[in-house]
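All ligand and atom numbering here is 1-based and tracks the order in the structure. Computed over heavy atoms, backbone and side chain alike; hydrogens, waters and symmetry mates excluded.
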Amino acid sequence: MNKPGFTSKIIHSDRRNVIEHGSIHKPVHTAVTYAYDDARDLAAVFQGREAGYSYGRQVNPTVTALQDKISLMEEGIATAAFATGMAAIGTTLFALLRKGDHFISSSYLFGNTNSLFNTFASHGIEITFVDATDVAEVEAAIQENTRLVFVETIANPRTQVADLEKIGDLCELKELVYFVDNTMTTPYLFRPKSVKASLVINSLTKYIGGHANALGGAVTELGNFDWSRFDNLYDNYKKGDPASWAITQIKKKGLRDFGASMSAEAAHHISVGSDTLALRMQRACSNAQQLTTYLDQHEKVSRVYYPGLVGHPQHSLAAKLFAQPGALFSIELNDDIDCFDFINHLDLVICTSNLGDTRSLAIPVAHSIYYEMGPERRASMGIVDSLVRFSVGIEEIDDLLADFEQALT
Ligand SMILES: *Cc1c(COP(=O)(O)O)cnc(C)c1O
């Protein structure tokens, strides 16, 4: 039988699961608590012997439907959804790591992830930041107490591509958990499972939801790691197939105890948005390729960072790993041009901090999202004051080109 494609699979996923009244969307369940006629059934749900719902902080039927959809996208085993992408990252590390553990992170990171990791460091979890475009740097940072390696696929804002395949091989060899942030590529462009990642996090707020109308995050277990060799799991959660032990602990010790739960309304918005993920990504990536090709030759633009350009240091790696090179790029303008002036002259492109929206967005990164980390850390990430980041949307390319042209003129 023909294997269904990405979109065919996800847009029919709700109705192929348990669904009420033949509804084509999973209904929005707003109840916080779920009642049982037989107290023994309630006990079975609490003890994990039966699937079911108890209290909304743990999960809800609308959120479950979205979790199943993300698992399908990532070809994973199970997914935990959270209120935000940050909650997904923070809660997962909180649930899996202990005081005295060490983990390695790419130094090219989303700003809040960088801030969060520094907080972990002040709570007794050691961390080493490395240049993850080079697997040798990751290997050199491994210590006795290293548990995990964290990388982003395409880093924000300078678009460095991590050495994803080789880091996967290294993690397998050294029995380290490989935790990949796939937000920038999405499971449509790239499946971290293919490079042996253990866990993948997606900020659903970005491309997957895609319309800047709901916050969400998800962590998916990919089935590549042997959790029976991981000391930090509690006996309570070591039941059945070891592949599900860690995600169970993430759901219990993380989501349940921390309480950063996704609302049913957010799950509904994200789920509807995700129907068109592939279409939006195709259009946005094609727009980004054409815009960067134009800007790369523009006399007022000194640098363009986009993995789709031949001059990008990881261009061939990106071409090999990703279906398309993403829809995010950044530029540096000539010294005599003020980046604020330039952004103010853009008309179609909106000045704001989000990314992965249907609309094209611009932000002066050093002065906003990367301001708090200070000049030294910014310099280590290659972020100069004039750097402007763009998240390309799905507008018609001629309109985007015209907007850049008039703003640069
Ligand atoms: C936005 C983002 C996050 C955090 O997601 P939120 O939903 O905003 O909390 C994490 N990683 C990357 C790469 C992001 O772009």
Flag, side chain of R147 to backbone of F103, donor-acceptor distance under 3.5 Å: no

Measure and list all N/O to N/O distances between ligand 1 and the protein that fall under 3.5 angstrom.
unit_1	atom_1	unit_2	atom_2	d
ligand 1	5 (O)	S203	OG	3.0
ligand 1	7 (O)	G85	N	2.8
ligand 1	7 (O)	S203	OG	2.9
ligand 1	7 (O)	T205	OG1	2.6
ligand 1	9 (O)	G85	N	3.0
ligand 1	9 (O)	M86	N	2.8
ligand 1	11 (N)	D181	OD2	2.7
ligand 1	15 (O)	K206	NZ	2.8

Over all atoms of both residues, closest heavy-atom pair of R57 and G259: CD-CA, 3.3 Å

Shortest non-hydrogen separation from Q314 to Q160 and the atoms involved: OE1-CA, 3.6 Å

Residues that Y108 engages under ring pair (Phe, Tyr, Trp, His ring centres under 6.0 Å), provided they are two or more places apart: none

Partner residues of H12 under the ring pair (Phe, Tyr, Trp, His ring centres under 6.0 Å) criterion, sequence neighbours left out: none

Set of side-chain hydrogen bond (donor to acceptor under 3.5 Å, both in side chains) partners for S271, sequence neighbours left out: K69

